[in-house]
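Here the structure comes first, spelled out in structure tokens, and everything after it is commentary.
Counting convention: from 1, in listed order, for ligands and their atoms alike. All figures in this text were calculated on a predicted structure; none of them were measured in a lab.
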Amino acid sequence: MKVAIASDHGGINIREEIKSLLKELGIEFVDLGCECSTSVDYPDYALPVAEMVANGEVDRGILVCGTGIGMSIAANKVKGIRCALVHDMFSAKATREHNDSNILAMGERVIGPGLAREIAKIWLTTEYEGGRHANRVGKISSYEETK
Ligand code: RB5
């Protein structure tokens, strides 16, 4: 698996924590920033990560901002992206099993790096269940094809 990760200025600490997790898990990753000495605009980071996932350059993406909301809204504008905004471990597992989410968004003003690490670990290691969920995810893809 290969992962693209990025944050705005509001998510730098969790981004660093997740990079250390990815190294620990032996997962290859590309870090798209930000360098963030000043405040930046989250779409400038969410959209390149989402494009990389959508075009198959990487398998999954992880995005962090202050709330995770802006990152998730922006990423979900890209065709083929199922970005889940997650702040608890139950949802981390469920969104992989049920939604086959391909991007994880988190907010550093909402949760700390310890919980973010646990959420990301579950999200990275949980498989999509398919089955009855495939029809539901397929309806989202079919809708995208009409646009
Ligand atoms: C930046 O101040 C903040 O708006 C951003 O990190 C994020 O929370 C947006 O959704």
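- With hydrogens left out, the protein atom closest to atom 6 (O) of ligand 1 is Asp8 OD2, 2.6 Å, a heavy atom.
- Close N/O approach between Gly70 and ligand 1 is found [any backbone or side-chain N/O within under 3.5 Å].
- Donor-acceptor pairing under 3.5 Å is lacking for the side chains of Arg82 and Thr95.
- Assignment of Arg109 to the shell around ligand 1 is supported, since a heavy atom sits closer than 4.0 Å.
- Using a 4.0 Å cut-off to heavy atoms of His9, the atoms of ligand 1 that qualify are 1 (C), 2 (O).
- For the pair Cys65/Glu108, no side-chain contact is recorded, criterion being any heavy-atom separation below 4.5 Å from C-beta on.
- In this structure, Ser20 and Arg117 have side chains that are in contact, with non-hydrogen atoms separated by less than 4.5 Å.
- There is no protein heavy atom closer than 4.0 angstrom to atom 4 (O) of ligand 1.
- In this structure the side chain of Val49 never reaches within 4.5 angstrom of the side chain of Met71, judged on heavy atoms.
- Of the protein's non-hydrogen atoms, Cys65 SG, 3.3 Å is the one closest to atom 7 (C) of ligand 1.
- Taking the side chain as every heavy atom from C-beta outward, Thr38 and His9 never approach each other to under 4.5 Å.
- Contacts of Thr67 with ligand 1, taken as heavy-atom pairs under 4.0 Å, involve both backbone and side chain.
- Close approach to Gly66 involves these atoms of ligand 1, each under 4.0 Å from a residue heavy atom: 5 (C), 6 (O), 7 (C), 8 (O).
- Heavy atoms of Met71 found under 4.0 angstrom from ligand 1: none, in either backbone or side chain.
- Counting only heavy atoms from C-beta outward, the side chains of Ile18 and Val3 never approach each other to under 4.5 Å.
- Side-chain N/O atoms of Ser7 and Arg15 include a donor and acceptor closer than 3.5 Å.
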